[in-house]
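Here the structure is a predicted model, which is why all the values come from computation and not from measurement. The figures here come from the full heavy-atom set of this structure, side chains too, leaving out hydrogens, waters and symmetry mates.
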Amino acid sequence: RYYDANFMAREWEALWTRTWLIAAVESDLPEAGDYSVFRLRHEQFLIVRQDDGAVRAFFNVCPHRGNRLIQNDRGFVGRFSCPFHSWQFGLNGCLNKITDEETFRGEVIARRPGLTEVRCETYCGLVFINLDLNAPPLAARIGLPPGYLDAYGLDKMRVVRHVVSDWNA
């Protein structure tokens, strides 16, 4: 099960795309436009603080040609811009501008595709995402006694250093 490609594919479909996953910490997103990238297997997600203070999540991919919008792990943007054709998207995922719009075929841009959003909820300073649009809310799935996570005060803590460890496993 740890090295079988078929098992990994089944696990992807049955588990990772259907459960709530910790994708970021809110302290990395203090202001509107602050973002963090969450990687999960072959997918990447933009976790971004909105103008109204909410946190939303989107696939880190331009809907036009599939290019990654953001290449680094975290930062600040006023808008997302595709490096391929410079299409621009608001923090809310809406398509704001198609550079040289008159050069595109009408059927390509007719529906003005925005970024694809994924479910996103925050709890106790943590940001969770779920790819399953029909999954129960986070509160119903967290599986902890009431107040358990709150007692740690994670929402009052700040990340002081990010460390990535790659394991050949």
Undergrad: Find out whether the Lys NZ or Arg CZ of R41 is both under 6.0 angstrom from the six-membered ring centre of W12 and within 45° of the ring's axis.
TA: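 Relative to the ring axis of W12, which defines the angle, R41 lies inside both limits.
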
Undergrad: Is there a continuous path of hydrophobic side-chain contacts, each under 4.5 Å between heavy atoms, that joins L46 to V118?
TA: no

Undergrad: Would D28 and H162 satisfy side-chain hydrogen bond (donor to acceptor under 3.5 Å, both in side chains), going step by step from the backbone distance to the final call?
TA: CA-CA 10 Å; D28 280 345; H162 289 275; 2.9 Å; yes

Undergrad: Does some side-chain heavy atom of R119 sit less than 4.5 Å from a side-chain heavy atom of L131?
TA: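 Contact flag for L131/R119 side chains = no.
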
Undergrad: May I ask you to decide if D100's main-chain N or O and T103's side chain share a donor-acceptor pair within less than 3.5 Å?
TA: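 Between the backbone of D100 and the side chain of T103 there is a qualifying donor-acceptor contact (under 3.5 Å).
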
Undergrad: Kindly assign one of parallel, tilted or perpendicular to the pair H64 and H85, based on the angle between their ring planes and the thresholds 30° and 60°.
TA: tilted

Undergrad: Let me confirm one number: the CG-CZ distance from D132 to R141, rounded to the nearest 0.5 Å.
TA: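 Going from CG on D132 over to CZ on R141, the span is 10.0 Å.
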
Undergrad: Can you tell me if R105 has over 12 outside heavy atoms packed within less than 6.0 Å of its CZ?
TA: no

Undergrad: Check which hydrophobic residues are tied to F84 through side-chain heavy-atom contacts below 4.5 Å, counting indirect links as well, and list them.
TA: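 Direct or chained contacts put F84 with none.
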
Undergrad: Side chains of N60 and Y35: do they bring a donor and an acceptor to under 3.5 Å?
TA: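 No donor-acceptor contact under 3.5 Å links the two side chains.
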
Undergrad: With a 4.5 Å limit on heavy-atom distance, are the side chains of F80 and Q88 in contact?
TA: no

Undergrad: Following the transitive rule for hydrophobic clusters with a side-chain heavy-atom cut-off under 4.5 Å over Ile, Leu, Val, Met, Phe, Trp and Tyr, establish whether L95 and I70 coincide in one cluster.
TA: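 Hydrophobic grouping puts L95 with I70.
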
Undergrad: Could you pull out the closest heavy-atom pair between S86 and T99, with the gap in Å?
TA: O-OG1, 3.0 Å

Undergrad: Grouping I, L, V, M, F, W and Y whenever their side-chain heavy atoms are under 4.5 Å apart, do F38 and V127 come out in a common cluster?
TA: yes

Undergrad: Would you say V61 and L69 make side-chain contact, with heavy atoms under 4.5 Å?
TA: no

Undergrad: Rounded to the nearest 0.5 Å, how far apart are CZ of R79 and CG of N96?
TA: 8.5 Å

Undergrad: Would you say CD of E31 has more than 12 non-hydrogen atoms from neighbouring residues, nucleotides or ligands within 6.0 angstrom?
TA: no

Undergrad: Distance from E117 atom CD to C94 atom SG, nearest 0.5 Å?
TA: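 Reported value, rounded in 0.5 Å steps: 9.0 Å.
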
Undergrad: Please determine whether a side-chain nitrogen of the Lys or Arg among E121 and R56 lies less than 4.0 Å from a carboxylate oxygen of the Asp or Glu.
TA: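 No.
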
Undergrad: Within this structure, what is the CD-CG distance for the pair Q50 and D34, rounded to the nearest 0.5 Å?
TA: 11.5 Å

Undergrad: Any chance you could pull the hydrophobic cluster mates of L154, using side-chain heavy atoms under 4.5 angstrom and chaining through other members?
TA: W20, I22, V25, Y123, L126, F128, L138, I142, L144, Y148, L149, Y152, M157, V159

Undergrad: Should the pair F104 and W87 be assigned to parallel (<30°), tilted (30 to 60°) or perpendicular (>60°) ring geometry?
TA: perpendicular

Undergrad: How about F59 and L115: do any of their side-chain heavy atoms sit closer than 4.5 Å?
TA: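 Side-chain contact under 4.5 Å: no.
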
Undergrad: Under 3.5 Å, side chain of S36 to main-chain N/O of R74, donor-acceptor pair present?
TA: no

